[in-house]
There are 2 protein chains.
Amino acid sequence: MGVIDRKEREKVEMKRQILDAARSLFLEQGFEKTSIRNIAEVIEYSAGTIYLYFKDKNEILFALHVEAFSVLMQAMQAGIMGETDPFERLISLGKYYLKYAFENPELYDLMFVMTAPMESLECREEIWCDGERAFETLKLVVGDCMKAGYFEEAENETISVMMWSLVHGLATLHLRRRTMIFPVVKRIKLMEDAYGQFIEILKTYKK
Amino acid sequence: MGVIDRKEREKVEMKRQILDAARSLFLEQGFEKTSIRNIAEVIEYSAGTIYLYFKDKNEILFALHVEAFSVLMQAMQAGIMGETDPFERLISLGKYYLKYAFENPELYDLMFVMTAPMESLECREEIWCDGERAFETLKLVVGDCMKAGYFEEAENETISVMMWSLVHGLATLHLRRRTMIFPVVKRIKLMEDAYGQFIEILKTYKK
DNA sequence: TGCTTTTCTGAACACTGTTCATTATATATG
DNA sequence: CATATATAATGAACAGTGTTCAGAAAAGCA
């Protein structure tokens with residue numbers, strides 16, 4: 001039966017259309033301010049049709065969430081591949097993470113700040129596996145640094161959480177407009193400088 | 001005319017009632033899920049009445065915002081007052097900041113994560129003055145540390161942004177449920193350990 | 001008391017996410 | 001090809017949202 005194959009393809013294609021429309025609207029005007037009817041209008045279907053492909057609005061968000069993570073993971077891999085020294089890799093990993101956050105602000109928001117996708121999935125531990133995989137990548141790099149003599153008397157997980165928090169803090173302070181107190185042209189530079197300063201301090205810790 | 005004095009008092013009292021009801025509802029079920037009608041129901045007035053005291057829903061949020069900051073400022077002052085050595089003050093400041101965030105998760109969210117209060121005020125630079133004051137406090141303490149020989153060849157603002165990002169990152173990763181990947185009982189401890197680790201590293205940087 | 005000003009209400013508007021009976025289309029069978 | 005069946009799409013309906021505003025109620029003043 002080639003028919004059901006085609007139907008399957010059409011279903012996938014329709015999901016794609018919905019996701020593309022939803023992403024563009026979410027990124028443009030935010031999740032809350034985008035209505036199902038808005039999405040339906042873009043793809044030229046009625047609002048009810050959306051519900052034949054996605055259970056609810058949150059499920060659309062979650063699908064975009066998964067996609068966004070795969071892009072972040074690629075960015076992080078790029079950060080790792082560019083360097084051979086473990087510590088340089090860690091530095092580069094953070095840089096690429098920040099770069100991703102600043103270049104994809106709404107997607108970063110969706111992955112690491114929004115509460116909706118976390119609550120839509122009933123908060124089971126294994127759910128946020130995309131996030132976990134990204135964190136495992138960080139831990140791997142930190143582990144290599146430790147083997148190379150860095151952070152000797154520290155715990156891998158503690159160091160990793162510290163690193164993650166630092167870059168996540170930089171990203172979210174900016175994305176959520178709390179850097180308004182700084183001149184507009186200096187904002188991103190200040191965030192990057194702070195990261196650079198952190199790295200400087202980390203280096204002296206090697207001993 | 002004692003009458004208009006009383007009327008003024010009644011107006012203030014009414015605003016108080018609305019804010020108290022709104023805070024309790026916001027903290028309980030979140031900003032988005034709380035409706036003006038919900039608030040009106042609690043204070044036993046019609047929904048329209050709310051609009052005689054606040055321009056819109058965002059203005060209620062902003063009023064709570066101001067209150068929450070005054071509490072944070074007190075917490076930070078407490079952190080400073082407890083220590084005399086500048087570096088110990090900095091450590092303590094961060095601890096009290098984190099403590100505030102973990103003990104008042106929804107208020108912290110409102111102050112440092114939510115976008116609504118930032119956008120309700122048209123993004124003018126001078127608007128987020130409460131946040132600026134808190135940051136100035138941090139810069140003051142960092143300045144004292146520098147005078148005492150810490151962070152010698154660094155810039156005050158850079159160091160301050162780094163400190164702020166670190167604690168803010170720790171706070172928000174937890175508040176926005178991204179620590180789901182860790183066992184529930186270890187989550188807060190992990191955040192505190194990461195902060196402790198950061199302080200350890202900072203100490204070695206003194207030199 | 002009447003008159004004015006202030007305060008409050010509740011209906012209305014245009015919107016939201018979501019459901020579901022009805023209709024239209026596409027596939028499979030006789 | 002015609003008919004029966006399965007699938008897909010619709011659009012009205014529901015209960016909710018923030019917000020506005022004409023009119024009712026209450027309070028202040030003469």
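In this text, all values refer to a predicted model and were calculated from it rather than measured experimentally. Numbers restart at 1 for each chain; the letters A, B, ... are given by sequence-line order, proteins then strands.
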### Message
From the set C/dT18, D/dG28, D/dG18, return the single nucleotide nearest to any side-chain atom of A/Tyr51.
### Response
C/dT18
### Query
What nucleic acid atoms does B/Thr49 come within less than 4.0 Å of, heavy atoms only: base, sugar-phosphate, or nothing?
base
### Task
For the side chain of A/Lys11, starting at C-beta, report the closest nucleotide among D/dA8, C/dT18, C/dT7.
D/dA8
### Task
Select from A/Gly48 and A/Arg37 the residue whose nearest nucleotide in DNA chain D is closer to the 5' end of that strand.
A/Gly48
### Query
Which sits closer to the 5' end of DNA chain D, B/Ile36 or B/Lys7, going by the nucleotide each is nearest to?
B/Ile36
### Message
Regarding B/Phe54, tell me which of base, sugar-phosphate or nothing describes its non-hydrogen contacts under 4.0 Å with the strands shown.
### Response
nothing
### Message
I need the single residue from A/Ile80, A/Leu138, A/Ile199, A/Asp85 that forms a side-chain contact (heavy atoms from CB on, under 4.5 Å) with A/Leu90. Which is it?
### Response
A/Leu138
#### Entry: Shortest side-chain distance from B/Tyr53, nucleotide among D/dT19, C/dT16, C/dT7
C/dT7
### Message
Side chain of A/Ala47 only, heavy atoms from C-beta on: which candidate in C/dT18, C/dC8, D/dT19 is closest?
### Response
C/dT18
### Query
Out of D/dT10, C/dT18, D/dT17, which has the shortest distance to the side chain of A/Tyr45?
D/dT10
### Task
For C/dG10, take OP1 and OP2 only and decide whether either is under 4.0 Å from a side-chain N or O of B/Ser46.
no
### Task
Would you mind checking if A/Lys203 and A/Glu200 are paired as a salt bridge, meaning a charged N to carboxylate O distance below 4.0 Å?
yes
### Message
Against the six-membered ring of B/Phe31, is B/Lys57 placed for a cation-pi contact (under 6.0 Å from the centre, within 45° of the normal)?
### Response
yes
### Task
Rounded off to whole Å, could you give me the CE-to-C1' distance for the A/Met14 and D/dA8 pair?
9 Å
### Query
Is it true that A/Tyr45 and A/Tyr53 have ring centroids separated by less than 6.0 Å?
no
### Protein-nucleotide distance (A/Glu8, atom CD; D/dT7, atom P), rounded to Å
13 Å
